[in-house]
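Here the structure comes first, spelled out in structure tokens, and everything after it is commentary.
Nothing fancy with the numbering, it's 1 onward along the sequence.
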Amino acid sequence: MNPCTCFFRLGKGRRGSIRFLSPPVFLSSDLQLLQWGSEGSLNHRDRNSAPQPLLNPRGGLLPCCLGAGRGLGAGRGLGAGREAVTSSRRRKNMAGASGLGTGPGAAGGDGDDSLYPIAVLIDELRNEDVQLRLNSIKKLSTIALALGVERTRSELLPFLTDTIYDEDEVLLALAEQLGNFTGLVGGPDFAHCLLPPLENLATVEETVVRDKAVESLRQISQEHTPVALEAYFVPLVKRLASGDWFTSRTSACSLFSVCYPRASNAVKAEIRQQFRSLCSDDTPMVRRAAASKLGEFAKVLELDSVKSEIVPLFTNLASDEQDSVRLLAVEACVSIAQLLSQDDLETLVMPTLRQAVEDKSWRVRYMVADKFSELQKAMGPKITLNDLIPAFQNLLKDCEAEVRAAAAHKVKELGENLPIEDRETIIMNQILPYIKCPEVRLNIISNLDCVNEVIGIRQLSQSLLPAIVELAEDAKWRVRLAIIEYMPLLAGQLGVEFFDEKLNSLCMAWLVDHVYAIREAATNNLMKLVQKFGTEWAQNTIVPKVLVMANDPNYLHRMTTLFCINALSEACGQEITTKQMLPIVLKMAGDQVANVRFNVAKSLQKIGPILDTNALQGEVKPVLQKLGQDEDMDVKYFAQEAISVLALA
């Protein structure tokens, strides 16, 4: 077979040198690849039939040689020295001229229309338009089906191997497609044919492309036989692990765990040695990648190797100069701890973990807090009581708010995982006393129902009440706002009697807070409390206190009364609204402050639908008409709007 001269092209070598790429005997859309059957289905040609030539029977080049070439400078050069663009009509005629089928669906000498889309896909693999190349890459399986397994292996894959210099989005799609290509190259016996293009993709600069290539390599590794794994896959891992660029070495870190279990003992020793080398690599990015895969690799090793090799690596990585490496070592600690006995954990792992709890970098301490529940389960109850509880206390009072918050999120799971017989004592004596920072206490309160199940309402109310009161009066308004949002939850857990005795005064105090957001939240809080405790409770406990504020000297507090009435009217119903709230609103229509008067108009519009017709016509309408003649423009506007909405004109 004589390749077309247009396939000679230059490319960058793997180490940056310039080399000639061997001319692949590339694919065409030609000669009996598939036919339309009588039922409209695709009939594939026999896989054992001989590959077809690149020249069609009339001596012309097939469409694959006539695509929109991109020149030698682009590293693809398909079409150099001839017209770059081929019209769709010309492609179509050439597809027909190549003899693309003689079955019932063939189009005779004018071309086989059924195979024209395949010719277009092949041609678009080299098109200058990135989107066209991307679309074609996403349909590689269609092209491979049309070519058959032999030509896919011998022509398509070599071409794809040389697309390493394409756009990142094209390479990403290619890496994803190749992971599902085993059946299209002839099955598991030929899975190794997919390794060269994926090896190239695993070395590129773009992280998402490398990650997708590694994901596909991990998938394909499972389809190798043990013999093929050692013959093809393990050498690939070694090449990546010893590559000049850190990108290839980071990719290698993810592949050790998938090839180690089925390798021979001699090869296993080599794999462990290569992984050790990467854990001490000069480049921090490589050490990070190795640390992130340390736990995964430990799970497939023999126990003796875990103790003798993995634990020392864990200790070294946990002491790395880069905190980004140290925090990943903490994550690996969970997997390693699951493999060791209690005695081994105490002697081999705990010294390093204690060091991580006190690490100078808050990000490492944050990782310990974030993984605390998993560490607790892996370490067991004995080490938890002796070592992890004191460590957790330190995290709860850490100097960084992010660490304290991460630890607070784990209080619920910590309590659930404690031994039942010691649970209440540990929480009351060793956890709650350390809940001092607002972030921690707020997270405790947010999980109040779970904490209640563990220690009971009596202990809960005694322990948390001081914290709740302190949070309610915190100098930071956002902390006060947060505790308001949890108040309905507290009320439901603590009950109406406890609430009235201990927390009711707090709720009323928030209504006159100097921050508007607090006053607004407190108003909404009252509505939720009425929905929880009922209208009778509201009539006796809340409404009288709210209405008293209508006489407050501060006009802002008088306006808060109106806001509360707006919120409470719907929850309290018609009777309470008409008899208790409406008279106060009507009285405030004569307020000296215009802002209060126009809020009266808005309140009457809000509660109007709840009132009966007599109240609307006899009481509300005259007041709104009077406000509609007010000297203040805003008061007049909102009064007239209320009249219009309530249809009182």
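- The two atoms that bring Gly243 and Ser248 nearest to each other are CA-OG, 3.4 Å, heavy atoms only.
- Side-chain N or O atoms of Arg365 include none that pairs as donor or acceptor with a backbone N or O of Glu400 at under 3.5 Å.
- The two atoms that bring Leu178 and Leu201 nearest to each other are CD1-CD1, 4.4 Å, heavy atoms only.
- With contacts defined as side-chain heavy-atom distances shorter than 4.5 Å, the pair Phe392/Val411 qualifies.
- Minimum interatomic distance between Ala175 and Ser216 (heavy atoms only, all atoms of both residues): O-OG, 2.6 Å.
- With a 4.5 Å cut-off on side-chain heavy atoms, Leu160 and Leu156 count as touching.
- Taking each heavy atom of Glu205 and Thr247 in turn, the nearest pair found is CA-CG2, 4.3 Å.
- Side-chain contact between Lys293 and Cys279: absent, with no pair of heavy atoms (C-beta onward) separated by less than 4.5 Å.
- Ion pairing between a basic and an acidic side chain is recognised when a charged N comes within 4.0 Å of a carboxylate O; Lys299 and Glu296 show no such pairing.
- Residues Glu309 and Phe275 form no side-chain contact, since every pair of their non-hydrogen atoms from C-beta on lies 4.5 Å or further apart.
- Using a 4.5 Å heavy-atom threshold, the side chains of Gln355 and Glu358 count as separate.
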* To do: Would you please test Glu199 and Arg239 for salt bridge (charged side-chain N to carboxylate O under 4.0 Å, His left out) and show each step?
  => CA-CA 9 Å; Glu199 181 178 357; Arg239 288 194 299 273; 2.8 Å; yes
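- Side-chain contact check for Leu157 versus Pro196: every heavy-atom pair is 4.5 Å or farther apart.
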In a table with atom names and distances, give each donor-acceptor pair under 3.5 Å that connects a side chain of residues 226-238 to protein atoms at least two apart or in another chain.
unit_1 : atom_1 : unit_2 : atom_2 : d
Glu230 : OE2    : Ser264 : N      : 2.6
Glu230 : OE2    : Ser264 : OG     : 3.0
Lys238 : NZ     : Glu270 : OE1    : 2.1

* To do: Check step by step if side chain to side chain contact (heavy atoms under 4.5 Å, CB included) holds for Ser141 and Leu184.
  => CA-CA 7 Å; Ser141 58; Leu184 299 172; 3.7 Å; yes
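- Counting only distance, with no hydrogens or angles, the side chain of Arg218 and the backbone of Leu255 share no donor-acceptor pair below 3.5 Å.
- With Arg153 contributing its side chain and Leu194 its backbone, the two residues share no donor-acceptor pair below 3.5 Å.
- In this structure the side chain of Arg288 never reaches within 4.5 angstrom of the side chain of Cys253, judged on heavy atoms.
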Got a list of side-chain donor-acceptor pairs under 3.5 Å for residues 366-378, not counting sequence neighbours?
unit_1 : atom_1 : unit_2 : atom_2 : d
Ser373 : OG     : Glu413 : OE1    : 3.0
Gln376 : NE2    : Leu414 : O      : 3.4

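- In terms of heavy-atom proximity, Ser251 sits nearest to Val214 at CB-CG2, 3.6 Å.
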* Verdict with supporting geometry, Val208 and Asp168, side chain to side chain contact (heavy atoms under 4.5 Å, CB included) -> CA-CA 9 Å; Val208 292; Asp168 290 334; 6.0 Å; no
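- The CD atom of Glu169 lies 5.5 Å from the CG atom of Leu134; values are rounded to the nearest 0.5 Å.
- Proximity of Thr152 to Cys193: side-chain heavy atoms (C-beta onward) are nowhere separated by under 4.5 Å.
- Between Glu346 and Arg354 there is a salt bridge, since a side-chain N of the basic residue sits under 4.0 Å from a carboxylate O of the acidic one.
- Expressed to the nearest 0.5 Å, how far CG of Leu174 lies from CG of Leu140 amounts to 6.5 Å.
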* **Worked verdict on Leu198 versus Gln219 for side chain to side chain contact (heavy atoms under 4.5 Å, CB included)** => CA-CA 12 Å; Leu198 286 172; Gln219 184 176 335; over 6 Å; no
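- The distance from atom CE of Met285 to atom OG1 of Thr250, rounded to the nearest 0.5 Å, is 8.5 Å.
- Summarising the geometry of Ser335 relative to Leu339, their closest heavy-atom pair is O-CG, 3.4 Å, with the distance given to 0.1 Å.
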* Residues Gln338, Val334; criterion side chain to side chain contact (heavy atoms under 4.5 Å, CB included); working and verdict -> CA-CA 7 Å; Gln338 294 170 345; Val334 176; 4.0 Å; yes
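- In this structure, CD1 on Ile310 lies 11.5 Å from CG on Leu303, to the nearest 0.5 angstrom.
- Rounded to the nearest 0.5 angstrom, Leu278 CG and Gln273 CD are separated by 10.0 Å.
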* Could you go step by step and tell me if Glu215 and Lys212 meet the salt bridge (charged side-chain N to carboxylate O under 4.0 Å, His left out) rule? -> CA-CA 5 Å; Glu215 181 183 326; Lys212 184 59 70 173; 3.5 Å; yes
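- We find the CD1-CZ distance between Ile143 and Arg151 to be 12.5 Å, quoted to the nearest 0.5 Å.
- Side-chain N/O atoms of Ser361 and Arg326 include no donor and acceptor closer than 3.5 Å.
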